[in-house]
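Both ligands and their constituent atoms are indexed starting at 1 by order of listing. These numbers come from a predicted model, not from an experiment. Residue numbers count from 1 along this sequence.
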Amino acid sequence: MASSLCCCLLFLLFSVVLEWEHAIAELEDQATMVALRRELSVKEWELGGLSFCAWSGVTCDGENRFVAALELPRRSLRGNISLIAQLKSLQRLDLSGNAFHGSVPDSFGDLVELEFLDLSMNKLENQIPASLGAMRKLTALNLSNNLLVGEIPDDFKKLTRLEELQISANNLTGSIPDWIGMLTGLRVLSAYENGLSGIIPRNLGLVSQLEVLNLHSNQLQGVIPESIFASGKLQVLILTVNKLSGSLPDSVGNCRGLSNLRIGNNRLVGGIPKSIGNISSLTYFEANNNHLSGEIVPEFAKCANLTLLNLAYNGFTQMVPLQFGELKNLQEFIVSGNSLTGEIPRSLLKCRNLSKLDLSNNRFNGSLPKDICNMTRLQFLLLGQNSISGEIPKEIGNCVRLLELQLGSNYLTGDVPPEIGRIKNLQIALNLSFNHLRGALPRELGKLDKLVSLDVSNNQLSGSIPSELKGMQSLIEVNFSNNQLSGQVPIFAPFQKSSISSFSGNEGLCGDPVNVTCNNYYELNHHKVSYKIILAVVGSGLTVFATVSVIVALFMMKEKQEMATKAKMAAGDVLVTPPPVVAANVFVESMKQAVDFDSVVKTTLKDLNKMSNGTFSTVYKAVMPSGLVLSVKKLKSVERTVVHHQNKMIRELERLGNINHGNLMKPIGYVIYEDIALLLHPYMPNGTLMELIHNTEKSESEPDWPRRLSIVIGVAEGLAFLHHIAIVHLDISSCNIFLDAHYNALVGEVEISKLLDPSKGTASISAVAGSFGYIPPEYAYTMQVTAPGNVYSFGVVLLEILTSRLPVDEVFGEGIDLVKWVHSAPIRGETPEQIMDARLSTISFAWRKQMLAVLKVAMLCTDSTPAKRPKMKKVVEMLLEVKQN
Ligand SMILES: *[C@@H]1O[C@H](CO)[C@@H](O)[C@H](O)[C@H]1NC(C)=O
Ligand SMILES: *[C@@H]1O[C@H](CO)[C@@H](O)[C@H](O)[C@H]1NC(C)=O
Ligand SMILES: *[C@@H]1O[C@H](CO)[C@@H](O)[C@H](O)[C@H]1NC(C)=O
Ligand SMILES: *[C@@H]1O[C@H](CO)[C@@H](O)[C@H](O)[C@H]1NC(C)=O
Ligand SMILES: *[C@@H]1O[C@H](CO)[C@@H](O)[C@H](O)[C@H]1NC(C)=O
Ligand SMILES: *[C@@H]1O[C@H](CO)[C@@H](O)[C@H](O)[C@H]1NC(C)=O
Ligand SMILES: *[C@@H]1O[C@H](CO)[C@@H](O)[C@H](O)[C@H]1NC(C)=O
Ligand SMILES: *[C@@H]1O[C@H](CO)[C@@H](O)[C@H](O)[C@H]1NC(C)=O
Ligand SMILES: *[C@@H]1O[C@H](CO)[C@@H](O)[C@H](O)[C@H]1NC(C)=O
């Protein structure tokens with residue numbers, strides 16, 4: 001009895017002590033949480049009472065005493081996080097995507113219960129504290145995307161339960177320690193974009209089931225260790241841009257689930273192991289810019305999912321295996337800069353999904369196959385610098401989706417087939433230089449109105465340069481040099497703006513810019529004209545004669561004048577005094593002194609200063625005598641209505657000048673002369689989003705998804721603001737999204753939207769329908785510009801950044817634009833993978849995930865039913881969510 005009572009008492013006492021301890025602990029977390037609320041100023045917490053377990057992002061243990069998880073990702077928080085170290089029971093801490101700076105607190109080592117720690121995407125600096133090694137229960141540690149320096153602390157060897165270690169995108173140095181190879185649970189090691197040196201540990205993956213190893217962009221040396229393939233579980237291996245040597249181990253074939261293998265830009269030697277054929281999941285294989293050699297193994301053909309094979313700039317020899325025709329999913333085959341021989345592999349023509357065939361800079365011989373265009377999706381046919389002979393088959397005209405055709409530096413003979421003119425999509429370049437082509441240039445080339453660069457130099461072409469080439473309105477670079485061309489160079493700005501060297505080595509050419517005047521030729525032409533006139537005159541009565549003469553005289557005078565001004569413009573030398581300024585103003589006080597209105601007007605008289613041509617305006621770059629650079633927008637003649645409402649316009653402009661939003665391009669002033677209105681804006685050094693997306697192929701800039709995402713978020717914010725102040729934009733397109741020096745996005749043409757507001761009767765829908773490809777389907781019926789219509793156009797911009805494709809492109813097929821093409825992908829059985837730009841989506845899982853999420857948003861925005869589209873404000877929220885995830 002006594003003993004049981006005693007027992008009971010003891011038990012009571014014990015429970016009291018236990019409760020008391022809990023109470024203290026609760027008090028402690030309470031105090032910490034209240035202090036933390038003050039320190040971090042988490043908005044949602046301010047309304048919460050004292051019971052911190054109910055605060056958002058806080059999870060307590062079962063008895064609501066301790067904080068077990070604190071998850072506050074992506075809230076732009078700042079402040080001192082060292083207080084958190086007092087939450088001793090914490091198991092999960094996620095502070096990623098905030099604005100914390102300073103060091104990672106030393107005291108975090110006290111969080112001995114912690115299993116998950118994510119501090120990624122902050123501004124944490126200095127060294128990683130060794131004390132973190134005390135968090136023995138840690139299974140996932142993420143310190144990526146900070147400003148951390150120094151080495152990976154040796155004390156981390158105590159983190160024996162670590163499964164995922166992510167420390168990429170910092171400024172870490174030193175080597176990858178050996179003990180990482182001893183972590184038995186390690187599945188993910190991501191340390192790319194640091195300054196890590198030394199070797200990849202020889203034991204990495206021996207005792208663990210490594211799935212993801214991403215070490216790209218470091219200074220790593222030594223070999224790719226066999227150990228990483230030992231467990232056969234590897235799915236992603238990215239080692240690009242290091243200094244690795246040795247060869248790709250045979251054991252890579254153990255990893256049947258390996259889908260992404262990227263080892264480009266290293267110093268690797270040896271051949272590709274035949275075991276590559278056992279990697280049935282292989283989708284992306286990239287090994288360019290190494291010293292690999294031997295044959296391109298036929299075993300690749302067994303990897304049925306292979307989508308990209310890039311072996312460029314190595315020492316591969318022999319022929320491309322016949323079996324490659326089996327690669328039905330192959331989209332890019334890039335083997336430039338090797339020593340491959342034999343004919344252009346006909347088997348490849350069976351790869352109907354191929355969009356890029358780059359065989360340039362090899363020793364391919366034989367002729368160009370007639371059925372090369374059996375690869376109907378081909379966009380890039382790059383065969384330059386080989387030994388290809390024979391004629392260019394006329395069937396080349398069937399490759400209607402080609403964007404670039406490179407055939408330079410081969411032994412091609414015969415004529416330039418006029419059928420090339422059928423490749424209407426040809427945009428990037430047509431290069432036929434350094435061959436043995438003869439005959440005249442076909443006038444059908446003039447139909448290539450999207451082409452930017454034309455090079456036919458160093459052939460034996462003869463005859464004159466056809467005046468039809470004036471149809472090539474996008475031309476920027478031309479080279480006709482070293483042929484046997486003769487006659488007058490057609491008067492066409494891209495020609496006259498070229499240097500003499502683009503025409504040199506042609507004895508018979510004359511006229512601007514060539515150094516020889518065309519006396520004979522001109523005379524001949526004039527005779528022809530007068531002959532015709534005389535015929536006309538003789539055939540008609542006397543009165544008619546008078547009228548005709550007057551008209552002809554007037555016409556010729558006008559033409560002469562135009563020629564004269566054109567020539568002057570081409571020479572960049574406008575002698576005419578600028579017409580008087582009717583009205584002008586600069587709204588920004590600090591810029592008033594720096595803007596010279598006469599210079600602004602002069603600028604717009606010179607074609608040389610033209611930067612772009614929009615639906616409603618032409619934009620010029622103007623350098624003021626003060627050195628200030630401006631972008632000057634000249635409203636097109638259709639919009640003369642604007643000038644007729646001059647006072648209204650000036651009032652609206654001044655009002656818009658006061659709008660303060662970082663993503664809207666606001667006017668800084670205007671100039672009006674004659675009946676022309678010029679709007680002044682700050683000059684945008686990084687051009688437009690259009691140029692950023694669609695010129696990457698040319699500039700070979702690094703694919704940069706985060707930049708694209710930030711840009712569209714800026715655009716969405718700007719549009720949401722416009723809608724908030726009841727302005728509907730009239731022409732949202734990637735051409736109207738400008739990028740400042742920091743790639744901050746500014747939505748342009750805002751004033752047009754205000755000035756031409758159709759609801760105010762200043763313009764009709766026909767004038768303001770926007771840009772082709774961005775116009776929502778309902779505009780055709782409703783004849784009204786609406787906010788949901790803006791959302792649609794913005795959705796098209798989203799699709800552009802995801803796919804890197806133009807909103808309208810013949811590639812999609814008859815009557816199909818980008819929106820329809822994307823929406824009908826599931827019907828065609830295509831995965832998002834095949835729609836998104838692989839140069840972006842395959843860089844990292846994180847990018848891919850974000851792209852898939854943005855694709856969802858884009859699908860909502862481009863819904864054919866206006867009511868189903870989200871509001872711009874909601875779009876901003878969704879995109880921010882994507883960015884911060
Ligand atoms: C945070 O507070 C702790 C303790 O008060 C201090 O040692 C530390 O320097 C502070 N950190 C920052 C980044 O201000
Ligand atoms: C950080 O890494 C962990 C573990 O790999 C992962 O679960 C988490 O999603 C990553 N955080 C971010 C913001 O990507
Ligand atoms: C990284 O560290 C190196 C040397 O410590 C320094 O020169 C470099 O500026 C740092 N880079 C960044 C982005 O902080
Ligand atoms: C591929 O796998 C098969 C069956 O697992 C095996 O017999 C063969 O040796 C492997 N081939 C190579 C080249 O590793
Ligand atoms: C090939 O890709 C498809 C679609 O992504 C996938 O379902 C399939 O499992 C892949 N095949 C292999 C062998 O990995
Ligand atoms: C192109 O790829 C798709 C999807 O992977 C595949 O279904 C189709 O058969 C391929 N096309 C051809 C012509 O092989
Ligand atoms: C192409 O090159 C291969 C090997 O270099 C040679 O055997 C073959 O005769 C050549 N063919 C032509 C048409 O020159
Ligand atoms: C190209 O297509 C034509 C017509 O479909 C076919 O006759 C020819 O065999 C194909 N060529 C190759 C190399 O596949
Ligand atoms: C143009 O011709 C003149 C006179 O023949 C010569 O002096 C000059 O060097 C030539 N200029 C060029 C660029 O060929």
Strictly by side chain to side chain donor-acceptor pair (under 3.5 Å), give each pair with a member in residues 90-103 just once, sequence neighbours left out. Glu71-Arg92, Asp94-Ser96, Ser103-Asn126
Side chain to side chain donor-acceptor pair (under 3.5 Å): which pairs involve residues 140-151, sequence neighbours left out? Asn142-Ser144, Ser144-Ser168
Atom pair CZ/CG of Phe300 and Leu282 - distance to nearest 0.5 Å: 7.0 Å
I'd like to know whether NZ of Lys158 has more than 12 heavy-atom contacts from other residues, nucleotides or ligands below 6.0 angstrom. yes
Quick note on ligand 1: atoms under 4.0 Å from a heavy atom of Asn80 include exactly 1 (C), 2 (O), 3 (C), 8 (C), 10 (C), 11 (N), 12 (C), 14 (O)
Under 3.5 Å donor-acceptor, Trp45 side chain and Ser56 backbone: yes
Side-chain donor-acceptor distances from residues 188-203 under 3.5 Å, at least two apart:
{"from": "Asn194", "atom 1": "OD1", "to": "Asn170", "atom 2": "N", "distance (Å)": "3.1"}
{"from": "Asn194", "atom 1": "OD1", "to": "Asn171", "atom 2": "N", "distance (Å)": "3.3"}
{"from": "Asn194", "atom 1": "OD1", "to": "Leu172", "atom 2": "N", "distance (Å)": "3.0"}
{"from": "Asn194", "atom 1": "ND2", "to": "Ile167", "atom 2": "O", "distance (Å)": "3.0"}
{"from": "Asn194", "atom 1": "ND2", "to": "Ala191", "atom 2": "O", "distance (Å)": "3.1"}
{"from": "Asn194", "atom 1": "ND2", "to": "Tyr192", "atom 2": "O", "distance (Å)": "3.4"}
{"from": "Asn203", "atom 1": "ND2", "to": "Asp178", "atom 2": "O", "distance (Å)": "3.4"}

Report, in ascending order of atom number, the atoms of ligand 2 lying under 4.0 Å from any heavy atom of Met121. 13 (C)
Filter the ligand 5-protein atom pairs down to N or O on both sides and distance under 3.5 Å, then list them.
{"from": "ligand 5", "atom 1": "2 (O)", "to": "Asn305", "atom 2": "OD1", "distance (Å)": "3.4"}
{"from": "ligand 5", "atom 1": "2 (O)", "to": "Asn305", "atom 2": "ND2", "distance (Å)": "2.3"}
{"from": "ligand 5", "atom 1": "11 (N)", "to": "Asn305", "atom 2": "ND2", "distance (Å)": "2.8"}
{"from": "ligand 5", "atom 1": "14 (O)", "to": "Ser281", "atom 2": "OG", "distance (Å)": "3.1"}

For Glu830, is there an ion pair with Arg377 - N to carboxylate O distance below 4.0 angstrom? yes
Subset of ligand 2 atoms that lie under 4.0 Å from at least one heavy atom of Phe116: 7 (O)
So does Arg848 have more than 12 non-hydrogen atoms from other groups sitting under 6.0 Å from CZ? no
Which atoms of ligand 2 have any heavy atom of Ser120 under 4.0 Å away? 11 (N), 12 (C), 13 (C)
Is there a polar contact, in the sense of an N or O pair closer than 3.5 Å, between Ser103 and ligand 1? no
Under a 4.0 angstrom heavy-atom cut-off, which atoms of ligand 1 come close to Ser82? 1 (C), 2 (O), 3 (C)
Between Glu39 and Asn80 (side chain of the first, backbone of the second, donor and acceptor by atom type, cut-off under 3.5 Å), is there such a pair? yes
Here the atoms of ligand 2 under 4.0 Å from any heavy atom belonging to Asp118 are 1 (C), 8 (C), 10 (C), 11 (N), 12 (C), 13 (C)
